[in-house]
**Q** 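I'd like to ask you about the structure that follows.
Heavy-atom basis, side chains included; hydrogens, waters and symmetry copies ignored.
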Amino acid sequence: MNKAKIVIIGGVAAGASAAARLRRLNEAAEILILERGKYVSYANCGLPYHIGGVIADRDDLIVTRPEKFASWFNIEVRVCSEVISIDRGNRRVLVKGGEGEYFEPYDKLIIATGASAFTPKTEGDDNPNVRHLWTMSDMDNIISALSGAGPNPKVTIVGGGFIGLETAENLRHKGVEVSLIQRSPHVLPVFDEEMARPLADELRAMGVNLIFGRTVEKYENAEGGVVAVLSGGERVFSNIVISSTGVKPNSELAVKSGIECSKGGFIKVDEHMRTSDENIYAAGDVVEIAEPIFNSRTHIPLAGPANKQGR
């Protein structure tokens with residue numbers, strides 16, 4: 001058995017799946033997950049459903065806790081441990097944790113740092129009532145804001161992609177008044193309009209106010225919430241705004257260490273998820289992969305592909 005030390009940066013979908021699969025393939029390897037957040041292996045696709053009450057118990061979102069990784073898989077997990085640099089020459093990473101900074105050596109490294117919510121720079125977007133939904137903390141903050149918004153809360157969702165639609169559906173399930181702003185002529189712009197039209201019909205039947213062909217020009221403070229000023233001049237008031245306009249890869253570590261990335265900042269990998277450094281692999285929302293239909297490159301920031309890439 002190979003007793004190599006594998007260090008994994010990031011412990012959500014791709015990182016956790018890679019760790020579990022590695023252990024099944026190799027009982028002797030030393031496996032370490034370094035996660036800068038408080039949680040590993042949680043179902044981020046389920047965040048809107050907990051907000052809506054469909055997933056009632058918050059703990060049901062957490063698939064595997066660090067203690068279970070240790071007892072079931074003999075995998076060490078260190079949460080609140082952020083990797084701040086990669087020393088490729090010496091095969092080590094610099095980690096910032098609760099006890100300060102230290103170097104952690106590796107034989108093989110897996111970058112599974114995921115992505116972060118991206119919002120085009122908009123005047124007033126630093127308003128505390130303009131939020132994202134990407135992490136457990138984001139979810140907790142939105143639930144708290146809704147509980148403090150009075151008996152008839154209003155929410156504006158900016159972006160009609162997967163997360164935006166799931167959030168809209170679940171907020172309506174909770175009885176929240178929802179407006180959804182989408183810059184394209186239809187929801188789910190990754191699909192053709194004729195395929196997305198039934199989804200819009202269903203959203204309207206739920207009571208979602210759909211606003212197409214508009215962008216947010218700026219956000220203005222308002223008593224009890226925020227006003228989104230749209231490109232057509234419309235003014236939409238809500239207690240909170242949930243910005244769901246896309247993601248950007250957390251690839252700063254790879255860029256700084258000289259690993260090859262695309263123009264969009266996604267890490268380039270081969271068919272084995274190997275980067276331009278033979279000792280470093282990457283998977284999940286942070287990577288760009290081959291796309292067979294048009295024989296091009298693309299990125300798919302979804303949990304399903306991330307889990308498969310990790311495995």
**Q** Do the charged groups of Glu260 and Lys268 touch, with an N to O distance under 4.0 Å?
**A** yes
**Q** Test Ile51 against Leu47 for side-chain contact (heavy atoms from CB on, under 4.5 Å), laying out the working first.
**A** CA-CA 7 Å; Ile51 291 175; Leu47 302 181; 5.6 Å; no
**Q** Are Leu61 and Met139 side-chain neighbours, meaning at least one heavy-atom pair lies under 4.5 Å?
**A** yes
**Q** Heavy atoms only: give me the nearest Phe69-Ala16 pair and the separation to one decimal.
**A** CZ-CB, 3.8 Å
**Q** In terms of heavy-atom contacts, does CZ of Arg297 have more than 12 from other residues, nucleotides or ligands at under 6.0 Å?
**A** yes
**Q** Apply the test side-chain contact (heavy atoms from CB on, under 4.5 Å) to residues Leu165 and Val208: give CA-CA distance (whole Å), side-chain angles for both, the deciding distance (0.1 Å), then the verdict.
**A** CA-CA 10 Å; Leu165 297 194; Val208 177; over 6 Å; no
**Q** So, Glu217 and Ser231: side-chain donor and acceptor under 3.5 Å apart, yes or no?
**A** no
**Q** Just how far is it from atom OG of Ser243 to atom CD1 of Ile181, taken to the nearest 0.5 Å?
**A** 10.0 Å
**Q** Taking NZ in Lys96 as the centre, count heavy atoms belonging to other residues, nucleotides or ligands within less than 6.0 Å. Is the count above 12?
**A** no
**Q** Is the side chain of His186 donor-acceptor paired with the backbone N or O of Ala196 at a distance under 3.5 Å, no angle test?
**A** no
**Q** Would Leu34 and Ile280 show up in the same hydrophobic cluster when neighbours are defined by side-chain heavy atoms closer than 4.5 Å?
**A** yes
**Q** Let me confirm one number: the CD-CD1 distance from Glu288 to Ile267, rounded to the nearest 0.5 Å.
**A** 11.0 Å
**Q** Answer yes or no: does atom CG of Asn295 have more than 12 heavy-atom neighbours from other residues, nucleotides or ligands under 6.0 Å?
**A** no
**Q** Determine whether a donor-acceptor pair (N or O, by modelled atom type, separation under 3.5 Å) exists between the side chain of Asp270 and the backbone of His272.
**A** yes
**Q** Mark yes when over 12 heavy atoms from residues, nucleotides or ligands other than Glu76 sit less than 6.0 Å from its CD; otherwise mark no.
**A** yes
**Q** Going through the checks in order, is the side-chain contact (heavy atoms from CB on, under 4.5 Å) test met by Ser238 and Val226?
**A** CA-CA 6 Å; Ser238 56; Val226 60; 4.2 Å; yes
**Q** Does the ring of Phe73 carry Arg23 above it, NZ/CZ under 6.0 angstrom from centre and within 45° of its axis?
**A** no
**Q** Please check if any side-chain donor atom of Asn279 sits under 3.5 Å from a side-chain acceptor atom of Lys108, or the reverse.
**A** yes
**Q** Tell me, yes or no, whether the heavy-atom count around Glu82 atom CD, taken from other residues, nucleotides or ligands under 6.0 Å, exceeds 12.
**A** yes
**Q** Could you measure the distance from the OG1 atom of Thr113 to the CD atom of Glu35? Nearest 0.5 Å is fine.
**A** 10.0 Å
**Q** Does a side-chain heavy-atom distance below 4.5 Å link Asp285 with Val247?
**A** no
**Q** If you look at every heavy atom in Ser244 and Ile163, which pair is closest and at what distance?
**A** OG-CB, 3.7 Å
**Q** Side-chain contact, heavy-atom cut-off 4.5 Å: Pro189 with Arg183?
**A** no
**Q** Does Asn239 use its side chain to pair, donor to acceptor, with the backbone of Lys154 at less than 3.5 Å?
**A** yes
**Q** Examine distances only and state if a side-chain atom of Arg311 and a backbone atom of Arg21 form a donor-acceptor pair shorter than 3.5 Å.
**A** no
**Q** Does some side-chain heavy atom of Asp87 sit less than 4.5 Å from a side-chain heavy atom of Leu94?
**A** no
**Q** Transitively linked via ILVMFWY side-chain contacts under 4.5 Å: Leu133 with Val176?
**A** yes
**Q** Quick check against the 3.5 Å criterion: does Asp192 have a side-chain atom that pairs as donor or acceptor with the backbone of Glu194?
**A** no
**Q** Show your working on side-chain contact (heavy atoms from CB on, under 4.5 Å) between Lys256 and Ile86 and close with a plain yes or no.
**A** CA-CA 8 Å; Lys256 287 194 300 183; Ile86 301 171; over 6 Å; no
**Q** Report yes or no: does Thr156 contribute a side-chain atom to a donor-acceptor pair with the main-chain N or O of Ser179 at less than 3.5 Å?
**A** no
**Q** Working to the nearest 0.5 angstrom, can you tell me the gap between Ile157 CD1 and Glu169 CD?
**A** 10.5 Å
**Q** Between Asp277 and Arg91, does at least one N-O distance fall below 4.0 Å, as a salt bridge requires?
**A** no
**Q** If I compare all heavy atoms of Ala19 with all of Ile75, which pair ends up nearest, and what's the gap?
**A** O-CD1, 3.4 Å
**Q** With a 3.5 Å cut-off and no angle check, do the side chains of Thr135 and Asp138 form a donor-acceptor pair?
**A** yes
**Q** Which class fits the ring pair Phe191 and Phe162: parallel under 30°, tilted 30 to 60°, perpendicular over 60°?
**A** perpendicular
**Q** Could Glu104 and Arg78 be called an ion pair, given the rule that one side-chain N must be under 4.0 Å from one carboxylate O?
**A** yes
**Q** For a 4.5 angstrom cut-off between non-hydrogen side-chain atoms, does Leu210 reach Arg204?
**A** yes
**Q** Any idea which heavy atoms bring Val255 and Cys261 closest together, and the distance?
**A** CG2-SG, 3.9 Å
**Q** Is a side-chain N or O of Ser81 found less than 3.5 angstrom from the main chain of Val79, in a donor-acceptor match?
**A** yes
**Q** Taking Val178 as the starting point, is it possible to reach Val54 by hopping between hydrophobic residues whose side chains are less than 4.5 Å apart?
**A** yes
**Q** Is it the case that the side chain of Thr64 and the backbone of Lys68 share a donor-acceptor pair, with hydrogens and angles ignored and the cut-off at 3.5 Å?
**A** no
**Q** Provide the closest heavy-atom pair for Val83 versus Val93 in the form atom of the first, atom of the second, distance.
**A** CG1-CB, 3.8 Å
**Q** Honestly curious: do Val241 and Ile143 fall in one hydrophobic cluster under the side-chain, below-4.5 Å linking rule?
**A** no
**Q** Do Tyr106 and Leu32 have side-chain heavy atoms sitting under 4.5 Å apart?
**A** no
**Q** So which heavy atom on Ala13 is nearest to which on Ala306, and how close?
**A** CB-CB, 3.9 Å
**Q** Kindly work out whether a path of hydrophobic side-chain contacts (I/L/V/M/F/W/Y, heavy atoms less than 4.5 Å apart) joins Val77 to Val95.
**A** no
**Q** If we ignore hydrogens and angles and just use 3.5 Å, is the side chain of Gln309 paired with the main-chain N or O of Gly284 as donor and acceptor?
**A** yes
**Q** Could you go step by step and tell me if Glu177 and Arg172 meet the salt bridge (Lys or Arg N to Asp or Glu O under 4.0 Å) rule?
**A** CA-CA 7 Å; Glu177 185 176 329; Arg172 287 302 298 145; over 6 Å; no
**Q** Within a reach of under 6.0 Å around CE of Met206, are more than 12 heavy atoms found that belong to other residues, nucleotides or ligands?
**A** yes
**Q** Report yes or no: does Ser144 contribute a side-chain atom to a donor-acceptor pair with the main-chain N or O of Asp140 at less than 3.5 Å?
**A** no
**Q** Do Val229 and Val216 make a side-chain contact, defined as non-hydrogen atoms from C-beta onward lying under 4.5 Å apart?
**A** no
**Q** Would you say Arg36 and Cys80 make side-chain contact, with heavy atoms under 4.5 Å?
**A** no
**Q** Would you give the length of the straight line joining atom CD1 of Ile9 to atom CD1 of Ile84, rounded to the nearest 0.5 angstrom?
**A** 11.5 Å
**Q** Indicate whether the side chain of Asp125 and that of Thr119 have a donor and an acceptor atom separated by less than 3.5 Å.
**A** no
**Q** Taking atom CH2 of Trp134 and atom CD1 of Ile242, what is their separation to the nearest 0.5 Å?
**A** 14.0 Å
**Q** Check the pair Lys3, Glu30 against salt bridge (Lys or Arg N to Asp or Glu O under 4.0 Å), reporting the backbone distance first and the verdict last.
**A** CA-CA 6 Å; Lys3 293 186 178 181; Glu30 181 182 351; over 6 Å; no
